[in-house]
Undergrad: 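If you scroll down you'll find the structure; I have some questions about it.
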Amino acid sequence: MTTALRQLLAGAPEDAAPRLLGSYLVSTVDDDLVRVRLTEVEAYKGADDPASHAHGGETPRNSSMFSQPGTLYVYRSYGVHWCANSATGPIGTGWGILMRAGEIVEGEGVVVRRRGRRTDLVNGPGKLTQALGILGDHNGIDLLDPGSPVRLEEGPAPGLVMATPRIGISRAQDLHWRFVETHPVGSGG
DNA sequence: AGGATGATGGACT
DNA sequence: GTCCATCATCCTA
């Protein structure tokens, strides 16, 4: 059932983002399954948010983020990498959650091959999409459809969650809408 | 461990 | 022409 996720993504991104941590982002691309547990996400709140791609309203590029919650929005970053978001909130708001990093639960061998290295496999938004085989072609697909090549599934709830300013942006630094799962001090990890 | 930098495409002025 | 929701590589310590 994706009911809980659907419920979650129906809400505001700054509320949904921290609770999305721990969920699985799963892809089946070229017959290879990769499962990543999300540990770092950021909220972007459409027209209200000067740092959001949706701030200036709907365009052909960002239209996926204005679609129904759970729609995958993929864009090219710095001309080189792909980054993946899930639309959240009511249709037409342009709200979304950028999925930045995680930990590989399944398919590490596939990721090593796709990434061409054995370290730093999924610790950044461009790396995450490359690890999962997400391309611009996947823009607009439904992450809540179990039949989609890229999809979200429920996972174990996160432990401690830390909120910080978002990475790589200069506007709206006062909004602490980057959410990272952290380990308690002394837990030895 | 951490700073600088080139690559590269699309949106915007 | 300029600005990016970045990454890998090359340096200095």
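It should be emphasised that the depicted structure is a prediction, and the values quoted were computed from it without experimental measurement. Hydrogens, waters and symmetry mates are skipped; everything else that's a heavy atom, side chains included, is used. By convention in this document, chain letters (A, B, ...) are assigned in the order of the sequence lines, proteins followed by strands, and residues within each chain are numbered from 1.
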Undergrad: Out of C:dA5, C:dA8, B:dT8, which nucleotide sits closest to the side chain of A:R115?
TA: C:dA8

Undergrad: Can you confirm whether more than 12 heavy atoms, excluding those of A:R19, are under 6.0 Å from its CZ atom?
TA: no

Undergrad: Under a 3.5 Å cut-off for both contacts, is C:dA5 paired Watson-Crick or G-U wobble with anything, and if yes, with which nucleotide?
TA: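 Across all strands, not a single nucleotide pairs with C:dA5.
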
Undergrad: Between B:dG9, C:dC7, C:dC4, spot the one nearest the side chain of A:Y78, thanks.
TA: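 For the A:Y78 side chain, the nearest candidate turns out to be C:dC4.
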
Undergrad: From the options C:dA5, C:dA8, B:dA11, select the nucleotide whose nearest atom is closest to the side chain of A:Y73.
TA: C:dA5

Undergrad: With salt bridge (Lys or Arg N to Asp or Glu O under 4.0 Å) as the test, would you mind laying out the steps for A:R166 and A:E42 before giving the verdict?
TA: CA-CA 7 Å; A:R166 292 167 292 182; A:E42 287 177 358; 5.4 Å; no

Undergrad: Rounded to whole Å, how long is the line connecting atom NZ of A:K127 with atom P of C:dT6?
TA: 12 Å

Undergrad: Between B:dC12 atom P and A:E58 atom CD, what is the distance in whole Å?
TA: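 Nearest whole value for this atom pair: 12 Å.
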
Undergrad: Taking the six-membered ring for Trp, is the centroid-to-centroid distance between A:H53 and A:Y75 below 6.0 Å?
TA: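 Between A:Y75 and A:H53, which both carry aromatic rings, the centre distance is below 6.0 Å.
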
Undergrad: Once you apply a heavy-atom cut-off of 4.0 Å, does A:M99 come out as touching a base, just sugar-phosphate, or nothing?
TA: nothing

Undergrad: So which nucleotide from C:dT6, C:dA5, B:dG9 ends up closest to the side chain of A:R76?
TA: B:dG9

Undergrad: Would you kindly compare A:R171 and A:R117 by the position of their nearest DNA chain C nucleotide and give the one closer to the 5′ end?
TA: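 Here A:R171 is the residue nearer the 5' end.
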
Undergrad: Quick one: A:H81 NE2 to B:dG6 P, roughly how many Å, whole number?
TA: 16 Å

Undergrad: How long is the line joining CG of A:D120 and P of B:dG2, in whole Å?
TA: 13 Å

Undergrad: Using a heavy-atom cut-off of 4.0 Å across all strands, would you classify A:R166 as base, sugar-phosphate, or nothing?
TA: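 Nothing, no nucleic acid heavy atom in range.
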
Undergrad: Measure CG/A:L98 against P/C:dC4 and give the value in whole Å, please.
TA: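 Those two atoms, CG and P, are 16 Å apart.
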
Undergrad: Between atom CG in A:N123 and atom C1' in C:dT6, what is the gap in whole Å?
TA: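 That distance rounds to 12 Å.
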
Undergrad: Counting any heavy atom closer than 4.0 Å, what does A:N85 reach on the DNA or RNA strands: base, sugar-phosphate only, or nothing?
TA: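 Base, at least one base heavy atom under 4.0 Å.
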
Undergrad: Whole angstrom is fine here: how far is it from CZ in A:F179 over to P in C:dA5?
TA: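 The answer, rounded to whole Å, is 18 Å.
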
Undergrad: Output yes if the stacking criterion (under 5.5 Å between centres, under 30° between planes) is met for A:Y75 over the base of C:dA5, else no.
TA: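 It does not: the two rings, one from A:Y75 and one from C:dA5, miss the stacking criterion.
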
Undergrad: Is a side-chain donor-acceptor pair under 3.5 Å present for A:R151 with A:T28?
TA: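 A pair is found: one side chain offers a donor N or O, the other an acceptor, under 3.5 Å apart.
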
Undergrad: Measure NE2/A:H53 against P/C:dT6 and give the value in whole Å, please.
TA: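 Going from NE2 in A:H53 over to P in C:dT6 covers 8 Å.
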
Undergrad: Considering every strand and a 4.0 Å limit on heavy-atom distances, what is the contact class for A:I167: base, sugar-phosphate, or nothing?
TA: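 Sugar-phosphate contact only.
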
Undergrad: Quick one: which of B:dT8, B:dA11, C:dC7 gets closest to the side chain of A:R61?
TA: B:dA11

Undergrad: So if you build clusters from Ile, Leu, Val, Met, Phe, Trp, Tyr with side-chain heavy-atom gaps below 4.5 Å, do A:L72 and A:V122 land together?
TA: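 Yes; tracing contacts between hydrophobic side chains, which count when under 4.5 Å, links both residues.
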
